[in-house]
Chemist: 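One structure follows; several queries about it will come next.
Along the sequence shown, residues are numbered consecutively beginning with 1. In listed order, ligands and their atoms are each counted from 1.
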Amino acid sequence: MALIDSHLGEVIRDYSIAQLEEAANLMRGYDLVALHAAGSGHAGGTLSIMDITAALYLHIARHDPRNPNWPERDRIVWSTGHKAPGLYVGLAFAGFCPLEETMTLRKLSSRFQGHPHWLKLPGVEISTGSLGQGLSICVGMALAARLDGRKNKVFCIMGDGEQQEGQVWEAAMEAGHYHLDNVIAIVDCNRLQIDGWVKDVMQVEPLAEKYAAFGWETMRIDGHDMRQVVEALEKAMAVEGKPVVILADTVKGKGVSFMQDQAGWHGKTPNRDELTAALKEMGLEDRIPVAEMLAEAKNYQAAVDVKLAAKMPKFAREYWWNAGETMKVKMEPTRKGFGQSLAANGDDERVVCLGLDISGSITISDFYAGKPNRAGRWISMGIAEQSATSAAAGMAREGKLPVLGSYATFSAARNLDQIRTSVCYGNFNVLIAGAHGGISVGPDGATHQALEDLFAMQGLPNMSVVVPCDIVETRKATDYLLLQHVGPKYIRFAREATPIVTGEETPFVFGRANVIRLRDEAANFIDAFETRLASEYRNEAEDLSIVACGPMVPEAMRAAWILKRDYGYETRVLNMHTLKPIDADAVIRAALETGAVVTAEEHQIGALAWRVSGVLTESERLYGQPLITGAIGVKDRFGDSGAPWELIKELEVSAEHIAHKALELMAVKKRAGVDQLIR
Ligand SMILES: Cc1ncc(C[n+]2csc(CCOP(=O)(O)OP(=O)(O)O)c2C)c(N)n1
């Protein structure tokens, strides 16, 4: 056992129990430094799993850091992908990668993504981040090993909250059915998840009895007693004829007194003072070269900044948000508008909110915060998006107005068939919130960035889809969808603070676009524009139109500013907040009256672009009319870790990119003499 030279068949290094204990402590320290340098990430769960990580990577697993794809190696699958920093220090201590490089955690293009990506970093077995999938992957790996006659083990690290995902139990059944004694699952039972104690959010115990009923050997240990950890893992490897689960009792935030057993430290990172205090408490203040480590992070970031600056189209001056003395914007997270609406409208007895263990950050918890009379209508469903979706359909069938939400990747993708069959086919009054849509979850990385959700949601018959552009419009859209709209409805909003570009007086009519026109530069960006319902807008024969939705609306407005100021072009911006049903008349008029249409979406190109194209293709009013089109959006690639505003640049969806595309169109339009043809 331990680290092997796979060519010579020799042990490179093995660790005693005392050495493993010491390594685990040091790994906790480096983990916290990396998290501090990243400024986001999961401290609590990485600390609870660290003793097991040290034991697995340095002593138990047979693997070769110099030959990471050695076929005979033991596999370690991190189903609990948010504990990636724990995995990274494990790999670094085992020699798979330089320790200092782990300090680039969560930075743009880093190998150390917010959630592990096997295509980036050797030693990572599989990409994870969406909870509950790892054990199924292990079943697949274990069956493949059996088919190939290999003797390696497949370890699966999971959380206890994660046990709420139904897929875990499908995999447990499969491993039991096939007597996969090469599978060893480890559950980090720290008793906490995001919304609080696991027993309160959704009880998963008794886990031993549940796994045993599926034909598993079970063990329960103290996950911080290194001897127990090592002995349990060794015993598990000797079990024959059935899979093994080790239920490790742990403490979230282990090792740092102010983090221990605190739900608030789930997705939080220490500031500099907290880091210093934590390292001191662990006796590591002189053992980790913190300044050097942080310099690694800083240097990497400096290179990222240069790369991103080079990617940006250049104009006569700097137009970035709040870069100048005028055209100032206020920014607020769009998601807050959702919570404000739930707080305001929640007295309607039909409204029931379903929790999916991410309630605070998506603001669905505002429904019950400070309102004990609503407690009965707040129903925590745990991390179980699929069941909750069908449960919502059941409630709607009984006359309730259920609301559920999570990261858009989990509330509008993982449960797609449930949305399709339970909700849409039955045409039920269920409001689904796709929170943290687009790239706004930034450093969490590709697994958490919903860039495809709108394809599926728009493709479903009966489903209505709204993508509001700022906090105010999110509140108005939720007001409407929650209490007035009948039928399945999807609202997608962002996590990050984005510019506020609408006010109380700005029209919001479901299914009807707004036209936004730049009038004059002003002290405040919002005052520089006039907004009207598209149906009430009179043609001003603008040079081009930009059709946008969600956070791309402010970007489109900024593009209009660039185009006017640097080139004298007039732009008609269409805020297409309702994607389905789309305001076809507004699209057709923009095409007819301006002859050039650019779409802008924070999504894979197509959710908006193809929908607009569909309208244009079907319209007889456009037969024979000259029209030049372009599309801004994500170009068939996954996202990346990085700050949201960096990703806007990296994925080429900023106002500068919209303006650049518009200029391309204008050049063609002029060459083709389109203006003479349409006017
Ligand atoms: C399918 C899915 N739903 C929701 C999330 C968001 N999420 C990340 S961590 C987490 C809580 C996990 O709790 P637990 O498994 O107990 O992990 P630990 O508390 O040890 O960090 C949730 C809900 C996710 N990553 N995947």
Chemist: Taking atom types as modelled, find out whether Thr478 and Ser341 have a side-chain donor-acceptor pair closer than 3.5 angstrom.
Modeler: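 Their side chains do not contain a donor-acceptor pair, so the 3.5 Å distance test is not met.
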Chemist: Pick whichever of Asp195, Ile194, Ile383 has a heavy atom sitting closest to atom 12 (C) of ligand 1.
Modeler: Ile383
Chemist: Where the closest heavy atom to atom 17 (O) of ligand 1 is concerned, which of Glu162, His82, Gln167 has it?
Modeler: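 That would be His82.
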Chemist: Under a heavy-atom criterion of less than 4.0 Å, does Gly44 contact ligand 1?
Modeler: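 No, Gly44 has no heavy atoms under 4.0 Å from ligand 1.
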Chemist: Could you work out, with side chain to side chain donor-acceptor pair (under 3.5 Å) as the rule, every residue matching Gln340, not counting sequence neighbours?
Modeler: none
Chemist: With only distance considered, is Asp160 within less than 3.5 Å of ligand 1 through an N or O on each side?
Modeler: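 So ligand 1 has an N or O lying under 3.5 Å from an N or O of Asp160.
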Chemist: Hey, which atoms in ligand 1 end up nearer than 4.0 Å to a heavy atom of Leu192?
Modeler: 16 (O), 19 (O)
Chemist: Does an N or O from Lys252, backbone or side chain, lie closer than 3.5 Å to an N or O of ligand 1?
Modeler: yes
Chemist: Which ligand 1 atoms are under 4.0 Å away from a heavy-atom of Phe410?
Modeler: 1 (C), 2 (C), 3 (N), 4 (C), 5 (C), 24 (C), 25 (N), 26 (N)
Chemist: Got a salt bridge between Glu650 and Arg637, using NZ or NE/NH1/NH2 to carboxylate O under 4.0 Å?
Modeler: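 Yes, charged N to carboxylate O under 4.0 Å.
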Chemist: Salt bridge check, Asp51 against Lys254: does any charged N sit closer than 4.0 Å to a carboxylate O?
Modeler: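 Answer for the salt bridge query: no.
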Chemist: When you check the gap from the basic side-chain N to the acidic O, do Lys120 and Asp640 get nearer than 4.0 Å?
Modeler: yes
Chemist: Do any nitrogen or oxygen atoms of Ser406 come within less than 3.5 Å of a nitrogen or oxygen of ligand 1?
Modeler: no
Chemist: State whether Phe367 and Arg377 meet the cation-pi test: NZ (Lys) or CZ (Arg) under 6.0 Å from the six-membered ring centroid, and within 45° of the perpendicular axis.
Modeler: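 Checked: cation-pi criterion not met.
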Chemist: What atoms of ligand 1 come closer than 4.0 angstrom to any heavy atom of Gly159?
Modeler: 15 (O)
Chemist: For ligand 1, which atoms, with element, lie under 4.0 Å from some heavy atom of Glu165?
Modeler: 1 (C)
Chemist: Could you tell me whether Arg191 and Asp261 have a side-chain N and a carboxylate O separated by less than 4.0 Å?
Modeler: yes
Chemist: Report yes if some N/O of Lys83 lies less than 3.5 Å from some N/O of ligand 1; otherwise report no.
Modeler: yes
Chemist: Got the closest protein heavy atom to atom 8 (C) of ligand 1, with its distance?
Modeler: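 So the nearest neighbour among protein heavy atoms is Leu131 CD1, 4.0 Å.
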Chemist: Mark up the atoms of ligand 1 that fall under 4.0 Å of a heavy atom belonging to Arg414, in ascending order.
Modeler: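 Going through ligand 1 atom by atom, the ones under 4.0 Å from Arg414 are 1 (C).
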Chemist: Does Gln163 reach ligand 1, in the sense of a heavy atom lying below 4.0 Å from it?
Modeler: no
Chemist: Considering non-hydrogen atoms of the protein only, which is the closest contact for atom 14 (P) of ligand 1, and what is the distance?
Modeler: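 Checking every protein heavy atom, the shortest distance to atom 14 (P) of ligand 1 gives Gly161 N, 3.6 Å.
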Chemist: Taking Lys199 first and then Asp160, would you say they form a salt bridge - that is, a charged N and a carboxylate O separated by under 4.0 Å?
Modeler: no
Chemist: If you measure every N/O of Leu356 against every N/O of ligand 1, is any gap under 3.5 Å?
Modeler: no
Chemist: Below 4.0 Å from ligand 1: does a non-hydrogen atom of Gly129 turn up there or not?
Modeler: yes
Chemist: Determine whether the side chains of Ser127 and His117 contain a donor N or O and an acceptor N or O closer than 3.5 Å.
Modeler: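 His117 and Ser127 do have a side-chain donor-acceptor pair below 3.5 Å.
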Chemist: Should the ring pair His436 and Tyr407 be called parallel, tilted or perpendicular, given that the plane angle runs from 0 to 90° and is split at 30 and 60?
Modeler: perpendicular
Chemist: With only distance considered, is Glu385 within less than 3.5 Å of ligand 1 through an N or O on each side?
Modeler: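 Yes, Glu385 has an N/O under 3.5 Å of an N/O on ligand 1.
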Chemist: Output, in order, the C-alpha distance, side-chain angles, deciding distance and verdict of side-chain contact (heavy atoms from CB on, under 4.5 Å) for His59 and Leu233.
Modeler: CA-CA 10 Å; His59 179 63; Leu233 286 166; over 6 Å; no
Chemist: Could you identify the single nearest non-hydrogen protein atom to atom 13 (O) of ligand 1 and state the distance to 0.1 Å?
Modeler: Gln193 CB, 3.5 Å
Chemist: Under 4.0 Å from a heavy atom of Asn190: which atoms of ligand 1 are those, numbered in the order shown and with their elements?
Modeler: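 Close to Asn190: 18 (P), 19 (O), 20 (O).
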Chemist: Can you sort out the partners of Ala232 under side chain to side chain contact (heavy atoms under 4.5 Å, CB included), two or more places apart, ordered by chain and number?
Modeler: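 Testing Ala232 for side chain to side chain contact (heavy atoms under 4.5 Å, CB included), a comparison that skips the adjacent residues, returns Met219, Ile221, Ile246.
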Chemist: Could you tell me, atom by atom, which parts of ligand 1 come under 4.0 Å of a heavy atom of Ser130?
Modeler: 1 (C), 26 (N)
Chemist: If you measure from each non-hydrogen atom of His42 to ligand 1, which part falls under 4.0 Å: side chain, backbone, both or neither?
Modeler: neither
Chemist: Report yes if some N/O of Asp357 lies less than 3.5 Å from some N/O of ligand 1; otherwise report no.
Modeler: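 No: no nitrogen or oxygen of Asp357 is under 3.5 Å from one in ligand 1.
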